[in-house]
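The structure appears below as structure tokens.
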Number of protein chains: 2
Amino acid sequence: MPKPSSTSIASQDYLEQIFHLIALKGYARSVDIAANLGVSQASVSAMLKRLGADGLVVYEKYRGVILTPKGSDLAQHIIRRHEVLTRLLRHFGLDEETIYRDVEGMEHHISAQTLKAFTLLANELDQNPALCRTLKRKVRGK
Amino acid sequence: MPKPSSTSIASQDYLEQIFHLIALKGYARSVDIAANLGVSQASVSAMLKRLGADGLVVYEKYRGVILTPKGSDLAQHIIRRHEVLTRLLRHFGLDEETIYRDVEGMEHHISAQTLKAFTLLANELDQNPALCRTLKRKVRGK
DNA sequence: TTACAATCTTAGTCTTGTCTAAGTTTTTGG
DNA sequence: CCAAAAACTTAGACAAGACTAAGATTGTAA
Ligand SMILES: [Mn+2]
Ligand SMILES: [Mn+2]
Ligand SMILES: [Mn+2]
Ligand SMILES: [Mn+2]
């Protein structure tokens with residue numbers, strides 16, 4: 001009876017990309033999902049089947065994929081969380097490559113409480129350029 | 001020839017606990033590692049074998065486990081990172097339970113750069129109790 | 001309309017990490 | 001000293017998620 005977790009780390013990453021592609025081009029193709037995530041197309045097929053079984057996408061073989069309302073809500077939540085984290089890390093003057101990799105990993109382990117704290121902190125930093133300058137200076141050189 | 005990664009997320013969590021137990025009691029027993037990580041003793045046996053193969057512990061059946069210098073260095077790095085993250089999250093007034101869960105997940109996805117930024121930020125917050133008070137107030141209630 | 005390219009799926013395999021159940025070894029108390 | 005308990009390992013299974021190779025479908029351009 002292992003309840004289908006339905007929101008594994010990998011599932012979240014796929015949902016995120018599917019949502020992005022649909023927003024950007026109107027549809028999400030396997031080939032693009034694969035490229036964006038750096039996995040094989042075969043892996044995408046397998047995951048779409050799983051997401052379909054979990055009721056997060058409607059998937060018809062050879063016919064592409066769309067998000068269910070449930071999948072879409074979840075994707076938007078995932079993306080907002082990703083954006084908050086990115087906004088926070090940008091305050092430290094890290095390079096975008098590093099920010100992306102760290103956010104892509106960290107995002108799956110942030111509770112609602114911590115996300116709220118990070119959101120508020122990012123807001124505070126927005127209003128405190130002096131502190132941001134100090135941090136950026138210390139982060140890069142010694 | 002897939003080079004042994006040797007530092008998977010799970011490996012890091014096991015190393016962390018082994019180090020802690022040795023620091024605390026002088027030795028690390030499977031039964032305690034299992035309890036601390038919430039896994040079965042069988043899983044611990046399997047992982048100790050892998051850590052041994054990766055040169056991170058010396059493992060003799062029925063005889064306990066010790067860290068190699070390499071394993072010890074790695075464990076200390078992992079623990080320092082865990083502590084920095086914990087120190088940062090404590091500034092927001094989150095409950096310890098939540099902090100522990102989030103840190104336990106996030107810690108494996110923090111680059112050296114981001115870790116440095118978080119360290120500096122924690123330092124700044126230490127010296128800015130006013131900001132911390134504001135954050136704590138906003139994080140809890142509305 | 002048809003052949004080719006692009007896209008997609010399936011089949012089969014692998015790795016990591018987990019579990020339970022069963023068997024072994026070590027420790028311990030009487 | 002030895003039986004029972006505690007600790008530990010092995011065996012066997014499973015799930016997620018990845019890969020490659022091979023085959024199926026779709027789209028397109030001549
Ligand atoms: Mn991610
Ligand atoms: Mn993301
Ligand atoms: Mn951890
Ligand atoms: Mn940790």
Side-chain angles (χ1 to χ4, degrees), chain A residues 1-18 21-22 25-66 74 78 101 104-105 107-109, chain B residues 1-18 21-22 24-66 74 78 104-105 107-109:
Chain A
M1 80 218 36
K3 172 47 178 27
S5 81
S6 165
T7 40
S8 67
I9 290 176
S11 299
Q12 294 178 28
D13 287 337
Y14 279 88
L15 279 180
E16 186 178 27
Q17 288 307 320
I18 292 167
L21 285 167
I22 291 174
K25 319 178 112 181
Y27 49 86
R29 326 244 331 193
S30 285
V31 71
D32 295 323
I33 300 170
N36 288 0
L37 292 176
V39 299
S40 71
Q41 286 192 39
S43 298
V44 175
S45 277
M47 180 56 88
L48 293 184
K49 210 168 298 179
R50 266 172 296 197
L51 293 176
D54 289 343
L56 297 170
V57 304
V58 178
Y59 166 56
E60 283 177 290
K61 281 181 203 171
Y62 296 102
R63 282 280 137 183
V65 70
I66 59 169
L74 186 48
I78 289 164
R101 277 208 321 282
E104 209 42 61
E107 62 183 354
H108 311 285
H109 307 277
Chain B
M1 78 219 39
K3 173 44 179 29
S5 80
S6 165
T7 40
S8 67
I9 290 175
S11 299
Q12 293 178 29
D13 287 337
Y14 279 87
L15 280 180
E16 186 177 27
Q17 288 308 320
I18 291 166
L21 284 167
I22 291 174
L24 185 67
K25 319 176 113 185
Y27 49 85
R29 325 238 342 190
S30 286
V31 69
D32 295 323
I33 300 170
N36 289 358
L37 292 176
V39 299
S40 71
Q41 287 192 38
S43 299
V44 175
S45 277
M47 179 58 87
L48 292 185
K49 211 168 296 180
R50 266 171 284 173
L51 293 177
D54 289 345
L56 299 170
V57 304
V58 178
Y59 167 56
E60 283 177 290
K61 281 181 203 170
Y62 295 103
R63 282 281 138 179
V65 71
I66 59 171
L74 186 48
I78 289 165
E104 209 42 61
E107 62 183 354
H108 312 285
H109 307 277

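To find a chain, count down the sequence lines: A is the first, B the second, and so on, and within it residues start at 1. Basis for what follows: all heavy atoms, side chains included, without hydrogens, waters or symmetry-related copies. Because the structure is a prediction, the values reported are computed rather than measured.
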Closest heavy-atom pair, B:Leu48 versus B:Val57, reported as atoms and distance to 0.1 Å, is O-CG2, 3.9 Å
Rounded to whole Å, CZ of A:Arg29 lies from C1' of C:dA5 at a distance of 13 Å
Comparing nearest nucleotides in DNA chain D, the 5'-proximal residue of the pair B:Val44, A:Arg50 is B:Val44
In numerical order, the residues of residues 33-40 of chain A whose heavy atoms come under 4.0 Å of DNA chain D are A:Gly38, A:Val39, A:Ser40
B:Arg63 CZ to C:dT26 C1', in whole Å, measures 8 Å
Smallest heavy-atom separation, B:Ile78 atom then B:Glu107 atom, equals O-OE1, 4.3 Å
Take B:Tyr14 and B:Leu37 through the test side chain to side chain contact (heavy atoms under 4.5 Å, CB included) and record every step on the way to the result. CA-CA 8 Å; B:Tyr14 279 87; B:Leu37 292 176; 3.5 Å; yes
Taken to the nearest whole Å, CD1/B:Ile18 to P/D:dC8 is 12 Å
From the list A:His108, A:Glu104, A:Gln17, side chain to side chain donor-acceptor pair (under 3.5 Å) with A:Gln12 holds only for A:His108
When rounded to whole Å, the CD to P distance for the pair B:Gln12 and C:dG17 reads 10 Å
In whole angstroms, the gap separating P of C:dG17 from CG of B:Leu48 amounts to 13 Å
Rounding to 0.5 Å, atoms CG (A:Leu15) and CG (A:Asp54) come to a distance of 9.0 Å
When you compare the protein's N or O atoms with those of nucleotides 10-13 of chain D, which come within less than 3.5 Å of each other, and at what distance?
| from | atom 1 | to | atom 2 | distance (Å) |
| --- | --- | --- | --- | --- |
| D:dT10 | OP1 | B:Lys61 | NZ | 2.6 |
| D:dT10 | OP2 | B:Lys49 | NZ | 2.7 |

The residue among A:Arg50, A:Glu16, A:Met47 that forms side chain to side chain contact (heavy atoms under 4.5 Å, CB included) with A:Ser11 is A:Met47
Between OH of A:Tyr27 and P of C:dT7 the distance, given in whole Å, is 11 Å
Verify side chain to side chain contact (heavy atoms under 4.5 Å, CB included) between A:Val31 and A:Gln41, making sure each step is shown before the conclusion. CA-CA 6 Å; A:Val31 71; A:Gln41 286 192 39; 3.4 Å; yes
A:Ile9 atom CD1 is separated from D:dA18 atom C1', nearest whole Å, by 15 Å
A:Glu60 CD to D:dT25 C1', in whole Å, measures 14 Å
For B:Val65 and B:Ala28 the tightest heavy-atom approach is CG1-O, 3.9 Å
* To do: Any chance you could lay out the side chain to side chain contact (heavy atoms under 4.5 Å, CB included) test for B:Ile18 and B:Leu56, step after step, and finish with the verdict?
  => CA-CA 11 Å; B:Ile18 291 166; B:Leu56 299 170; over 6 Å; no
**Q.** Phosphate OP1/OP2 of D:dA18: any A:Tyr14 side-chain N/O under 4.0 Å
**A.** yes
